[in-house]
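Sequence lines set the chain letters: A, B, ... in the order given, protein chains first and strands last, and positions in each chain run from 1. Bear in mind the structure is a predicted one, so any value in this text is a computation, not a measurement.
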2 protein chains.
Amino acid sequence: MTDISRPATSPGASPLFLREDEIRRGVELLYFGYTRLTNAIDQELAKQGLGRAHHRALYFIARQPDLTVGELLRLLAITKQSLGRVLKELHDRDLVVTKTGALDRRQKLLRLTDNGAALEAELFAQLRERLSAAYVTAGQESVSGFWHVLEGLVPESDRQMVFDLRKDKS
Amino acid sequence: MTDISRPATSPGASPLFLREDEIRRGVELLYFGYTRLTNAIDQELAKQGLGRAHHRALYFIARQPDLTVGELLRLLAITKQSLGRVLKELHDRDLVVTKTGALDRRQKLLRLTDNGAALEAELFAQLRERLSAAYVTAGQESVSGFWHVLEGLVPESDRQMVFDLRKDKS
DNA sequence: GAGATATGTCAGTCATGTTGACGTATCTTG
DNA sequence: CAAGATACGTCAACATGACTGACATATCTC
């Protein structure tokens, strides 16, 4: 949070603001980095007859077991109708199970089955391979910077939700 | 391309490879950072009745005037049929013009019209606002790290193409 | 008991990608 | 110069994953 006091609305105050090329470089690297990373798992997904939408759900359920449907909706920022179809397919394929919430019986808590966990692990291995290669090449200091800039791209209103992924529930 | 000599294929050499949480943190930040940044311009695009696919084309044509259709296809990594529809719409709306290549008359060189350039600038302003705020908050060192890690995510085979965006065509 | 909330579902639509096939103009090469 | 490769365009059919709008049910909260 260094330099937070510098007004982003005052272009003259920061040389960064004026350098169009530095902004474009970030836009492009973010685009290529993100799309190429996600491409890495498409082939694996296609084998199972699943799409990226399924992977995103699997990923977050793996990351935070007993996630509720509502929490997952907020993470994915899609409509419940869209998510409903995805969850139904994952359930039909025995990759995800739901149980009724203990505290609030209206909620459904999502968990991966053993099959689901195995598939998620296989997909995650692809991501790990690519990302750890990039981490190693860039070095630890760069990794911190990478995280730091990306955190700044997440709107304030979503930041807590994203950080909470790192904590266990309960 | 510094550190290129460090073997990315030697997992044991770095504790990073074993830390699942650091990989997941990168995956999540990349996902949220990328999607939230692109969301930032959706509203503006919707006003014009355009989608993200149109923006991607506008962006790269702005970035490298006289880009050929084939080059744009390689950047976007989609089929010519998909791109054809997008370019047709941009042309119909007087945002893009094509001219026949001087050296190779089979090629079509793409350029933004004044309207197209104005729209692209308006959309770019949104990206600049978000990214420069993140850059300023994170600091210059972090920005370098951000770039460095992302470069490592771009497959070797695409890297030259991405770097070439920074050069003018001659 | 009344209203808010969490979830599910039906139905229709849209944006954006895909495959496959085919046509034309132009360049390159034997 | 003829033959083949290349750059681009286009028709048609289809898949995925989003969307809106409407409505149903169970459960919680006050």
Item to check | Nearest-angstrom distance from the residue atom CG of B:Leu72 to P of C:dG17 | outcome: 11 Å

Checklist entry - In terms of side-chain heavy atoms of B:Asp104, which of C:dC27, D:dC28, D:dC8 is nearest? => result C:dC27

Checklist entry - Could you go step by step and tell me if B:Asn39 and B:Arg130 meet the side-chain hydrogen bond (donor to acceptor under 3.5 Å, both in side chains) rule? => result CA-CA 11 Å; B:Asn39 286 346; B:Arg130 308 257 174 164; over 6 Å; no

Checklist entry - Just checking B:Gly70: base, sugar-phosphate only, or nothing, at a heavy-atom cut-off of under 4.0 Å? => result sugar-phosphate

Item to check | Carboxylate-amine/guanidinium proximity below 4.0 Å for B:Arg24 and B:Glu20 | outcome: yes

Checklist entry - Between B:His54 and C:dT16, is there a side-chain N or O to OP1/OP2 distance below 4.0 Å? => result yes

Checklist entry - With under 30° as parallel and over 60° as perpendicular, where do the rings of B:Tyr135 and B:Phe146 fit, or are they tilted in between? => result perpendicular

Next on the checklist: Between C1' on C:dT28 and CG on B:Leu103, what's the gap in Å once rounded to a whole number?
Outcome noted: 15 Å

Item to check | Under-4.0 Å salt bridge between A:Asp21 and B:Arg63 | outcome: yes

Checklist entry - Closest to the B:Gln107 side chain: D:dT27, D:dA7, C:dT26? => result D:dA7

Next on the checklist: Just the rounded figure in Å: distance from P of D:dC19 to CG of A:Leu76.
Outcome noted: 10 Å

Next on the checklist: Under a 4.0 Å threshold between the charged nitrogen and the carboxylate oxygen, would B:Arg74 count as salt-bridged to B:Asp158?
Outcome noted: no

Checklist entry - Start at the 5' end of DNA chain C and walk down; is the nucleotide closest to A:Arg106 or to A:Leu87 reached first? => result A:Arg106

Checklist entry - In whole angstrom, what separates A:Gln43's CD from C:dT18's P? => result 15 Å

Next on the checklist: For a quick check, with a 4.0 angstrom heavy-atom cut-off, what is the B/S/- contact string for nucleotides 19-24 of chain C, read 5' to 3'?
Outcome noted: BBB---

Checklist entry - What nucleic acid atoms does A:Gly84 come within less than 4.0 Å of, heavy atoms only: base, sugar-phosphate, or nothing? => result nothing

Checklist entry - Do the charged groups of B:Glu44 and B:Lys47 touch, with an N to O distance under 4.0 Å? => result yes

Next on the checklist: If you assign each of B:Lys108 and A:Arg52 to its closest nucleotide in DNA chain D, which residue comes earlier from the 5' end?
Outcome noted: B:Lys108

Checklist outcome for this item: Taking C:dG8, D:dA5, D:dC28 as options, the one with an atom nearest any side-chain atom of A:Val69 is C:dG8

Item to check | Length of the line joining A:Asp92:CG and C:dG8:C1', which is rounded to integer Å | outcome: 14 Å

Checklist entry - B:Leu90 CG to C:dT16 P: how many Å, rounded? => result 10 Å

Checklist entry - What's the closest nucleotide to the A:Ile78 side chain, out of C:dT16, C:dT7, D:dC19? => result D:dC19

Next on the checklist: Just N and O in the side chain of B:Arg56: are any of them under 4.0 Å from OP1 or OP2 of C:dG17?
Outcome noted: yes

Checklist entry - Please give, in whole Å, the distance from D:dA18 P to B:Asp42 CG? => result 13 Å

Checklist outcome for this item: Whole-Å distance, A:Leu110 CG to C:dA6 C1', equals 12 Å

Item to check | Trace of the side-chain contact (heavy atoms from CB on, under 4.5 Å) decision for A:Lys80 with A:Leu83 | outcome: CA-CA 5 Å; A:Lys80 63 179 173 177; A:Leu83 180 57; 5.5 Å; no

Checklist entry - Which heavy atom in B:Glu151 sits nearest to a heavy atom in B:Arg159, and how many Å separate them? => result O-NE, 3.4 Å

Item to check | Touch class at under 4.0 angstrom, heavy-atom based, for B:Arg85 against every strand present | outcome: base

